[in-house]
Amino acid sequence: MQAYDPKKIEEKWNKKWLADKVFKVADRSAKPKYYQLETFPYPSAAGLHMGHPKGYTAEDIHARYMRMRGYEVLYTMGWDAFGLPTENYAIKVGRDPHEVARENTDNFRRQVQMFGFSYDWDREIDTSSPEYYKWTQWLFIRLYKRGLAYRKGAKVNWCPKDQTVLANEQVVDGTCERCGTEIEERTMEQWFLKITDYADRLLADLKGLDWPAATIKRQEDWIGKSEGALLKFPLSNIQIPNNDRSSIEVFTTRPDTLFGATYLVLAPEHALIDELKGGIANWNEVAAYREAASHKTDRMRQEDAKDKTGVELKGVMAINPATKEEIPIWVADYVLGSYGTGAIMAVPAHDERDFEFAKKFGLPIRKVVVPKPIIPGVPNVSAAMGGAAPELRAEEDLWEDVGDLINSGDFTGMDSDQAKAEITASVGGILKTQYKIRDWSVSRQRYWGVPIPMVHCPKCGIVPVPESDLPVVLPPLENYRPQGMPPLASSPAFINVKCPQCGGGAKRDAETLDTFVDSSWYFLRYPDPHNAAEIFDKKKVAHWMPVDLYVIGAEHTVMHLLYSRFITKFLHDEGYLSFTEPFTKLRHIGLIMGADGAKMSKSKGNVVNPDEIVAEFSADAMRMYLMFLGPFDDATPWDARGILGVERFLKRFWKYYAGTIERMKQPAVSGGAGGAAAPEKPSAKAALHRAIKKVGEDIEAFKFNTAVSALMILLNEMEAAAPLAEDDLVSLVKILHPFAPHAAQELWSLMGNNTYLDFEPWPAHDPALIAEIKISLAFQVNGRTRDTVSVDASIGEDAVKELALANEKVNVALAAAGLAPGAAPKRIIYVDKKLVNIVV
RNA sequence: GCCCGGGUGGCGGAACGGUUUACGCAGAGGACUUAAAAUCCUUGACCCGCAAGGGUUUGUGGGUUCGAAUCCCACCCCGGGCACCA
């Protein structure tokens with residue numbers, strides 16, 4: 001018998017799979033297509049972390065399974081190679097980011113290949129290669145030509161010492177992560193993509209996707225559609241010079257509560273405050289508050305949520321258009337300038353934030369909505385108190401829901417939903433739909449990214465680079481360190497260019513694109529990865545897309561998906577795609593935590609290196625263990641000893657399998673037909689068929705942990721049973737194959753096969769074999785199990801009840817429960833093939 | 001603060017209205033070995049009991065049900081996410 005030597009066989013098959021291009025995908029095939037996508041990694045200097053092989057193993061299992069089920073599976077790998085960490089690292093070690101990135105990518109490729117993932121390597125892509133980013137640039141120009149890329153001022157984090165813009169993640173407690181200097185906010189002209197134009201479609205098209213519900217909800221929340229009204233509050237005692245708008249406009253989702261609006265609040269950055277300066281009696285106090293607020297980021301303003309601050313604009317008042325009462329105007333940083341109109345009407349009785357603010361500053365609270373009656377006509381007072389208190393208390397409770405109006409003039413008694421429209425109309429307001437989503441900022445003042453293919457001409461303004469001149473290649477630089485301007489601006493050879501329109505002197509855009517742009521369309525490139533003439537061939541993409549299965553980390557549930565969906569819809573509108581949603585089915589991968597249960601991180605010292613695990617055990621063992629650890633989408637801790645279990649399983653499986661083949665090859669010995677018979681033991685054929693069914697179902701449902709366990713149960717049963725026949729052995733190695741493809745393929749070839757298991761059909765299970773002959777029934781008294789018996793599966797209800805009533809333990813329990821001998825129980829509940837419950 | 005997950009043996013987990021703890025790890029006992037590793041067999045929630053057996057147990061407290069880890073309500077704890085979005 002050949003010994004199990006995983007090192008040798010894994011190396012052998014990894015080489016063969018690559019050399020023979022076994023997993024090369026055909027664009028034209030008689031088989032149905034299946035497109036499986038996994039997040040292409042960002043190749044960091046640290047190499048793969050445990051999350052990569054976990055997600056990739058799951059997808060590889062699924063891909064191999066789908067191939068065996070007869071699909072032509074598009075399954076690929078690529079590199080999201082542009083990005084900040086590589087640039088930072090290159091600067092630190094004084095090298096060219098191109099070189100650093102190449103080394104990292106080579107290392108990632110080596111690691112990924114060690115696991116034997118069945119990619120079509122001829123379709124490998126790299127976002128940092130000019131062949132790829134030419135089309136990222138092309139896409140950007142397309143967006144620009146359609147008016148979906150535009151420039152506007154936006155705030156950036158600026159480090160005055162390093163003379164550079166910092167990403168949010170480089171800002172630690174308001175200081176630069178590199179030098180600790182306090183950051184400043186600067187406003188710069190930057191490129192934006194108009195994703196807001198697609199807000200409604202991005203929301204509506206979520207319906208019908210096979211995505212986790214929580215992910216759909218996060219997309220919805222991010223888009224943040226709210227229907228409300230724009231209402232104007234006239235200023236009562238001041239006219240703004242040179243401004244005919246002598247009113248403050250607010251956006252509210254609750255115009256039905258207008259009668260309860262007892263003050264207004266402006267965001268500190270609201271432009272109207274400057275215009276009102278002459279009328280504000282406490283200007284110095286207001287100015288100081290605004291100054292303080294300007295040093296806070298939106299994020300910091302959120303974190304201070306509990307302790308609301310604000311200043312009244314003394315001397316100016318507004319008029320509630322419904323009640324005609326004068327109400328005060330405040331400035332407070334819990335109102336954001338970037339949402340709605342930057343001003344709100346405060347209704348403290350019906351909004352928690354307004355409620356807290358009003359209590360803190362002693363502002364009036366007026367209740368204008370009460371919960372709808374549960375019984376029509378009878379006021380529901382207790383629901384407002386969470387169902388607890390018998391009557392409605394005065395000011396100190398809050399009702400944020402809709403209901404029926406009170407204290408609202410002519411609208412009293414009206415339903416909230418009806419009142420929304422009617423009150424809005426009565427004060428001359430307009431109904432409006434507001435979105436939370438903002439346009440996508442794509443300018444980055446960094447080097448290691450896609451150069452923005454635009455030219456700034458003093459005569460013609462902004463001119464896109466002609467398509468024939470693409471790509472605009474990222475040039476090597478003398479110095480990658482930032483020096484007060486984007487790194488590319490330091491290269492005269494790059495920056496100075498002739499205007500494509502007038503031929504005069506002009507300058508290139510010195511900034512690069514957000515790397516999310518690179519990854520927002522990569523899945524469209526795999527179907528046609530080397531096309532030099534087009535972003536992709538429409539027919540090829542029409543064949544493969546949309547993606548049938550996408551596995552991503554939960555951290556990508558908002559932005560990457562939203563951007564990819566946006567770009568897909570855009571290219572659809574441009575006539576390049578026939579569909580509008582890129583990812584039909586989505587599944588998430590849970591983190592692998594450190595052995596201590598915390599997230600793996602260098603600083604905690606709990607990082608496990610996949611290279612070491614493969615070296616110590618094997619790729620197959622690691623694959624199986626990653627799947628066995630727990631539910632795929634749960635975060636599970638890595639237990640270094642647990643892998644011994646699957647390692648033992650693989651060794652035992654090998655021993656069983658190779659041993660059985662060996663015995664089959666030997667000539668029949670006297671006494672037993674075929675030489676391997678042990679006639680007194682039943683065969684494990686039924687167990688095998690159960691496993692075939694279970695493993696297939698579990699792969700489809702992404703329940704890899706129980707699939708592995710099903711294989712283990714099968715092996716336990718096989719070892720105790722008579723050896724399997726040859727055709728059953730074939731099925732057996734096939735169901736192992738997706739999980740441990742190296743071992744399975746080697747066993748397959750040991751049987752004398754020279755085909756690849758991936759293209760062998762997945763075995764069918766025989767339902768007749770799986771049917772249970774004997775079943776275990778529970779006898780319960782008052783819901784407590786008193787005995788279990790083994791009976792024929794075909795037994796009928798009456799026979800079972802009779803058995804139960806005759807059962808000695810049952811009778812003891814019945815007597816203990818107070819049932820007189822011979823008396824009939826209250827009820828007998830029978831659940832087919834499960835139990836009998838006798839209720840006394 | 002809000003939103004989304006989740007609390008089951010010593011540990012990872014299984015079951016997701018019907019016999020709790022499948023499978024694996026760790027532990028205990030044994031076989032083989034000069035010995036160790038490897039391998040194999042037995043055992044395996046907790047409490048009482050020599051045993052047979054009985055009782056308790058799925059974060060806590062209630063509820064629905066013949067029956068609840070599973071459904072409902074409240075609370076506690078852990079993980080992740082966040083937008084004070086009017």
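We name chains A, B, ... by the order of the sequence lines, and we start the count at 1 in each one.
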Trainee: Give a yes or no on this: more than 12 heavy atoms of other residues, nucleotides or ligands lie within 6.0 Å of atom CD1 of Ile773(A).
Mentor: no
Trainee: Summarise how protein sits on nucleotides 76-81 of chain B as a single string, 5' to 3': B when a protein heavy atom is under 4.0 Å from the base, S for sugar-phosphate-only contact, - for no contact.
Mentor: -----S
Trainee: Are His588(A) and Thr215(A) close enough that a side-chain donor and a side-chain acceptor fall under 3.5 Å?
Mentor: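 Checked: His588(A)/Thr215(A) side chains pair up, N/O donor to acceptor below 3.5 Å.
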Trainee: Please determine, for the side chain of Asp639(A), which listed nucleotide (A14(B), C25(B), U39(B)) has the closest atom?
Mentor: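 Nearest nucleotide to the side chain: C25(B).
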Trainee: Using OP1 and OP2 only, check whether a side-chain N or O of Arg784(A) sits under 4.0 Å from G54(B).
Mentor: no
Trainee: Holding to salt bridge (Lys or Arg N to Asp or Glu O under 4.0 Å), I want the full list of residues that pass it with Lys232(A), two or more places apart in sequence or in another chain.
Mentor: none
Trainee: For G17(B), measure the glycosidic angle (O4'-C1'-N9-C4 for a purine, O4'-C1'-N1-C2 for a pyrimidine) and name it syn if it falls within 90° of 0, otherwise anti.
Mentor: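 Anti.
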Trainee: With a non-hydrogen cut-off below 4.0 angstrom, is Asp787(A) in contact with a base, only sugar-phosphate, or nothing?
Mentor: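 No contact.
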Trainee: Taking OP1 and OP2 of C82(B), is either one under 4.0 Å from a side-chain nitrogen or oxygen of Lys217(A)?
Mentor: no
Trainee: Mind checking if Lys833(A) touches a base, just sugar-phosphate, or nothing, with heavy atoms under 4.0 Å?
Mentor: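 Touches nothing.
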Trainee: Want to settle it: does Arg641(A) or Asn837(A) sit nearer the 5' end of RNA chain B, counting the closest nucleotide to each?
Mentor: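 That would be Arg641(A).
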Trainee: Grab the two heavy atoms, one from Ser226(A) and one from Phe251(A), that are nearest each other, plus how far apart they are.
Mentor: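 Result for this residue pair: O-CZ, 3.8 Å.
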Trainee: Would one find a side-chain N or O of Asn716(A) under 4.0 angstrom from OP1 or OP2 of G24(B)?
Mentor: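 Yes, because at least one side-chain N or O of Asn716(A) sits under 4.0 Å from OP1 or OP2 of G24(B).
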Trainee: To the nearest Å, give me how far apart CG (Leu266(A)) and C1' (A86(B)) are.
Mentor: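 Rounding to the nearest Å, CG of Leu266(A) and C1' of A86(B) are 13 Å apart.
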Trainee: Counting side-chain heavy atoms from C-beta on, which of C4(B), C66(B), C23(B) comes nearest to Ile713(A)?
Mentor: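 Of the candidates, C23(B) comes closest.
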Trainee: Quick check: are there more than 12 heavy atoms from other residues, nucleotides or ligands sitting under 6.0 Å from NZ of Lys8(A)?
Mentor: no
Trainee: Less than 4.0 angstrom from a charged side-chain N to a carboxylate O is my criterion; do Asp256(A) and Arg254(A) meet it?
Mentor: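 Salt bridge between Asp256(A) and Arg254(A), a charged N being under 4.0 Å from a carboxylate O: yes.
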Trainee: Can Tyr435(A) and Thr196(A) be counted as having a side-chain donor-acceptor contact under 3.5 angstrom?
Mentor: no
Trainee: Across all strands shown, which nucleotide pairs with A15(B) by Watson-Crick or G-U wobble geometry, both distances under 3.5 Å?
Mentor: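 Its partner is none (no Watson-Crick or G-U wobble pair with both distances under 3.5 Å).
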Trainee: Let me know the distance between CD1 of Ile344(A) and P of C85(B), rounded to the nearest Å.
Mentor: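 One finds 10 Å between P of C85(B) and CD1 of Ile344(A), rounded.
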Trainee: So, OP1 or OP2 of G67(B): does either fall under 4.0 Å of a side-chain N or O from Asn782(A)?
Mentor: no
Trainee: For the side chain of Pro631(A), starting at C-beta, report the closest nucleotide among A14(B), A86(B), G55(B).
Mentor: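 Nearest to the side chain of Pro631(A) among the choices is A14(B).
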Trainee: Can you identify which nucleotide, out of C85(B), A14(B), G12(B), has its nearest atom closest to the Thr636(A) side chain?
Mentor: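 Looking only at heavy atoms from C-beta outward on Thr636(A), the closest nucleotide is G12(B).
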Trainee: Specify the residue among Tyr625(A) and Arg652(A) whose closest nucleotide of RNA chain B lies further upstream toward the 5′ end.
Mentor: Tyr625(A)
Trainee: Would you indicate what Thr785(A) reaches in the nucleic acid, counting non-hydrogen atoms under 4.0 angstrom: base, sugar-phosphate, or nothing?
Mentor: sugar-phosphate
Trainee: Classify Gln780(A) by what it touches in the nucleic acid, base, sugar-phosphate, or nothing, heavy-atom distance under 4.0 Å.
Mentor: base
Trainee: Does G13(B) have OP1 or OP2 under 4.0 Å away from a side-chain N or O of Thr706(A)?
Mentor: no
Trainee: Looking at every non-hydrogen atom in both residues, tell me the closest pair between Ala804(A) and Ile838(A) and how far apart they are.
Mentor: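 Scanning both residues completely, I find the closest heavy atoms to be CB-CD1, 4.4 Å.
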Trainee: Identify the nucleotide, in any strand shown, that forms a Watson-Crick or G-U wobble pair with C82(B), with both distances under 3.5 Å; if there is none, say none.
Mentor: G1(B)
